[in-house]
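Structure incoming, see below.
No experiment lies behind these values; they were computed from the predicted model shown. In listed order, ligands and their atoms are each counted from 1.
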Amino acid sequence: MTTGELNFDSGSTLFAELVLPVPIPKLFTYRVPATFNEKVKTGQRAIVQFGQKRILTGIVAAIHTQPPKEYEAKYILDLLDESEVIGSHQFTLYQWMAEYYMCTVGEVFNAALPSGLKLSSESMVQLNPSFLLDDSEFDFSEKERTLIHRLQSDTLSYSDIAKLLGAKTIYSLLKSLSSKGAVILYEQVKEKYRPKTEKYIRLTDAFTERKKLEGLFEELSTKPKQEAVVLKYLQEVPVFTRRDLNIKGVAKSAFIREDISESSLTTLIKNKVFEEVEVIVPRFGFADVEKDHPVLLSEKQEIARNEILAAFEHQGIALLHGVTGSGKTEIYIDLIRKALEGGSQVLYLLPEIALSTQIVHRLKKVFGSAMGVYHSKFSDSERVEVWNGVLQGRFKFVVGVRSSVFLPFDNLGLIIVDEEHDSSYKQYDPAPRYHARDVAMVMGKQHHAKVLLGSATPSLESFYHAGQGHYGRVALTDRFGEAQLPDIRFANMLEEKKRKTNKGEFSSLLLMEIKETITLKEQVILFQNRRGYSPMIQCQDCAWIPKCINCAVSLTYHQYRHSMICHYCGYREELPNQCPTCSSKRIQTLGYGTEKLEEELKLNFPAANVQRMDLDTTRTKGGYETILEEFESGKTDILVGTQMVTKGLDFDRVNLVGVFDADRMMHFPDFRSHERAFQLIMQVSGRSGRRAKKGKVIVQTSHPEHPIFSFVVNHDVEGFVNDQTNDRRIYFYPPFSRLIEITIKHADRKVCHESAVRLSEAVRSRLGGIKVLGPGEPIVSKIRNEYLMTVLLKIARDRGKLGEIKLALREIGEQINQVREFRSVRIIFDVDPV
Ligand code: ADP
Ligand code: ZN
Ligand code: ZN
């Protein structure tokens, strides 16, 4: 790919290679109209026609003079930008991602660009200029006539027409009009990004003259309301002394207050005394920056910081293993500040920003408006502004979720991956199925930037690489200040149930501790990794269990909606009054979700204020914030929730954490389930006792003797990792092997199974030395009416030639799709699945 300056003869015919957001693994050649010869650059957006109907935005990847051999190139319709929207670093990175994660460059671009930078095309209708209604040989219906009349003055979009005629389907009408030669249909391209504007008012040029103004006041002497408007304006904009201030004027919304009448202003605008102008304003306000961030690193933190700097010098990558509350964030702040002072850009990756509002606030206080926040819950226009802010240098520092690796950085000096173990760095669907931590490593090399991985519970992989000497390892073993790590104890549910000391899902131990904690006016966090009321419903007489009609899972009961809901596809049904198979009325809910825990807590502690934080209570905008504010202010005594409560929260008065259903987390059939359960328990424990008082943690389990728990009690992350690493070695899982998971999907179960068998046979015979597991049915073997099969490949790390293996796999996939019965089978590759 070529980037940078290119010099062609002004007379030569140029062609551009475009990346288009379509799932076809190639670039597309278009011809550059001669008028664009001077203007066209790589990294620019271009509008092109694709196929018969579609108008797409592509990115110019290369410019050359070679016409395509097989077809005649279409012209580029337009160029959108004066300068490029992505730079050469992005081209290289996106291409690497497409190759490594086995997808197309177009798919990477599609994921990378906020949709506001892409275009949509809208179908438009205009009157045929040579058409005359009275001369036409055809008959026209009433509706057609109405439309023709309107089109004499306007060009209309399909949706305008539908509205005008009050009809939903206008297609046949338009077809008829078009065949009678009355209208022309075409596509108009709309840019989706709309800058935010605000109305400003200012005096028209004429009235900035002293004479003219004096005359105006005479005229207004009988119109005190209008006079007041002009006077107030002159107070804010003294045009006689500072005529230049009138160019900007004042914001209309701020100008109109109680004492100023809007209708008088409107009259003055009509009389051309004032004029209204639209000004583009940034969506992100300018935050107040604390003059001096008052934090001084403690001695231990300073040592850790220096070790990190040494690792940066040596390996370029550091792994900071710091217990919860040790002050990792303060160290990040110190390093970010230094990198910014050195003139380079900084990227700070977080798993989920909504869960990290606290951290974003802390950083905003220090870095103010130089910091951009990039987040999947933001509106698209906001994302475009961050994108452009990075391009134009307004944001030197971005805090963001995984998709911020796509931003157009050109000079990164530091990348921080906070909570590096978190699985939400991995994108599951759609392609590219990338892991932002691993992409960050590649970016580090590209920009010669330092990379810092931080976590209280680093992943096995990162520990392993540090052990191999690829990363420098830095440890912070103590909490900051007086704070100590909490006491972790186990409630033996088997025993409690035998002795009947439990109350529903609550052990007597947990109930007692909750009671004590709230009596002391301290706070409790309870973690149950299951939302809804109960995960299953069953008829007590015939054992009927309601299942999703689209997926192979049972429905979860949600009490607040009185519904049974599928957590895979969203399918929903009312809870029946009686069993549909045996008509029994004895329908029972089984198991506990967060909703039911909340209900039981309210019954057991009627005086306490109980709040729930899960996907259902945080769907609305500001949902998290409200729940967290109420918790912070002390209004909430007990917060019960899913994974959301385990991450990053830093509150003074939480002194008890309870963990439900640890067994289920650990016995999930996946080679990472132990690691994940351990990380979750350690992370949620980290919320307890973050200040002077030592906190408590209670883990409810039927197997307190499980070996994992001895590591949990001792906060022994390293011991746990060593133990697990052994298992991974024995069973040949990462980090000792690389995995590629192939998922085969089809609406017909038989086709799905047969093609999966065919595929795995082809892999086995063609690629020796690779362990092939399966094909097998995944835990959920049907989702949204598609059957699934998976094949797992384990590839030795030292096998090398990963690129060749991937190429061969793609070919095998294509061959399967060439078999007639398997043509519509979908084959999905997931490299490094988690
Ligand atoms: P971590 O990110 O490792 O969980 P934090 O950075 O959130 O830890 O620190 C835990 C608490 O201790 C925070 O409230 C933080 O403000 C405070 N803290 C950490 N280091 C310092 C320091 N050097 N000076 C003052 N307060 C600190
Ligand atoms: Zn029944
Ligand atoms: Zn479903």
(request) Give a yes/no on ligand 1: does G322 have at least one heavy atom closer than 4.0 angstrom to it? (result) no

(message) If the threshold is 4.0 Å, N to carboxylate O, is there a salt bridge linking R612 and D614?
(response)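 Salt bridge flag = yes for D614 with R612.
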
(message) Tell me every residue that passes ring pair (Phe, Tyr, Trp, His ring centres under 6.0 Å) with F480, counting only those two or more places apart in sequence or in another chain.
(response)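 Partners of F480 under the ring pair (Phe, Tyr, Trp, His ring centres under 6.0 Å) test: none.
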
(request) Give a yes or no answer on whether the side chain of S755 reaches the backbone of C752 with a donor-acceptor pair at less than 3.5 Å. (result) yes

(message) Please list the nearest protein heavy atom to atom 7 (O) of ligand 1 with its residue and the distance rounded to 0.1 Å.
(response)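 It is R362 NH1, 3.0 Å.
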
(request) Looking only at protein heavy atoms, identify the closest one to atom 13 (C) of ligand 1 and say how far it is in Å. (result)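 Here the closest protein heavy atom is D650 OD2, 3.3 Å.
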
(request) Verify the distance criterion only: is there a donor paired with an acceptor across the side chains of E630 and Q611 at less than 3.5 Å? (result) yes

(message) Just to be sure I'm reading this right: ignoring hydrogens, which of R479, E419, E330 gets closest to atom 16 (O) of ligand 1? Compare them by their nearest heavy atoms.
(response)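 Of the listed residues, E330 has the closest heavy atom.
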
(message) How far is atom 26 (N) of ligand 1 from the closest protein heavy atom, and which atom is that?
(response)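 The closest one turns out to be F480 CE2, 3.3 Å.
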
(request) Using a strict cut-off of less than 4.0 Å between a Lys/Arg side-chain nitrogen and an Asp/Glu carboxylate oxygen, indicate whether K635 and E629 qualify as a salt bridge. (result) no

(request) Identify which protein N/O/S atoms are less than 2.8 Å from the Zn ion (ligand 2). (result)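 Hits for the Zn ion (ligand 2) below 2.8 Å: C539 SG, C542 SG, C579 SG, C582 SG.
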
(request) Could you verify whether a donor N or O on one side chain and an acceptor N or O on the other, from Q540 and S584, lie under 3.5 Å apart? (result)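 The criterion, which ignores hydrogens and geometry beyond distance, is not satisfied for S584 and Q540.
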
(request) May I ask you to say whether E786 pairs ionically with R826, meaning some side-chain N is under 4.0 Å from a carboxylate O? (result)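 Salt bridge present between E786 and R826.
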
(request) Do me a favour and list the nearest non-hydrogen protein atom to atom 4 (O) of ligand 1 with residue, atom name and distance? (result) G325 N, 2.8 Å

(message) Looking only at the aromatic ring of each residue, does the gap between the centers of H567 and H558 stay below 6.0 angstrom?
(response) yes

(request) Could you list the atoms of ligand 1 found under 4.0 angstrom from a heavy atom of S298? (result)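 Here the atoms of ligand 1 in question are 23 (N).
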
(request) State, without any angle test, whether R479 and Q484 hold a side-chain donor-acceptor pair at a distance under 3.5 Å. (result)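 Distance-only check fails for R479 and Q484.
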
(request) Go through the structure and list residues passing salt bridge (charged side-chain N to carboxylate O under 4.0 Å, His left out) with D716, not counting sequence neighbours. (result)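 Result, salt bridge (charged side-chain N to carboxylate O under 4.0 Å, His left out) vs D716: none returned.
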
(message) To check your reading of the model: name the closest protein heavy atom to atom 20 (N) of ligand 1, its residue, and the distance in Å.
(response) Q301 NE2, 2.9 Å

(request) Ignoring angles and geometry beyond distance, decide whether T324 reaches within less than 3.5 Å of ligand 1 through its nitrogen or oxygen atoms. (result)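 T324 vs ligand 1: no N/O contact under 3.5 Å.
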
(message) With a 4.0 Å cut-off on N to O distance, would you call K338 and E341 a salt bridge?
(response)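 Answer for the salt bridge query: no.
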
(request) Keeping waters out of it, list the protein N, O or S atoms under 2.8 Å from the Zn ion (ligand 3). (result) C548 SG, C551 SG, C566 SG, C569 SG

(request) State yes or no: are the ring centers of Y787 and H746 separated by less than 6.0 Å? (result) no

(request) Just need the protein heavy atom nearest to atom 8 (O) of ligand 1, so name the residue and atom and give the distance. (result) G327 N, 3.0 Å

(message) Any carboxylate oxygen within less than 4.0 angstrom of a Lys/Arg side-chain nitrogen, looking at D616 and R531?
(response) yes

(request) Compute the shortest N/O to N/O distance between L296 and ligand 1 and return yes if it is under 3.5 Å, no if not. (result)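 Yes.
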
(request) Specify side chain, backbone, both or neither for L297, according to which of its non-hydrogen atoms lie closer than 4.0 Å to ligand 1. (result)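 Backbone only; the side chain of L297 stays clear of ligand 1.
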
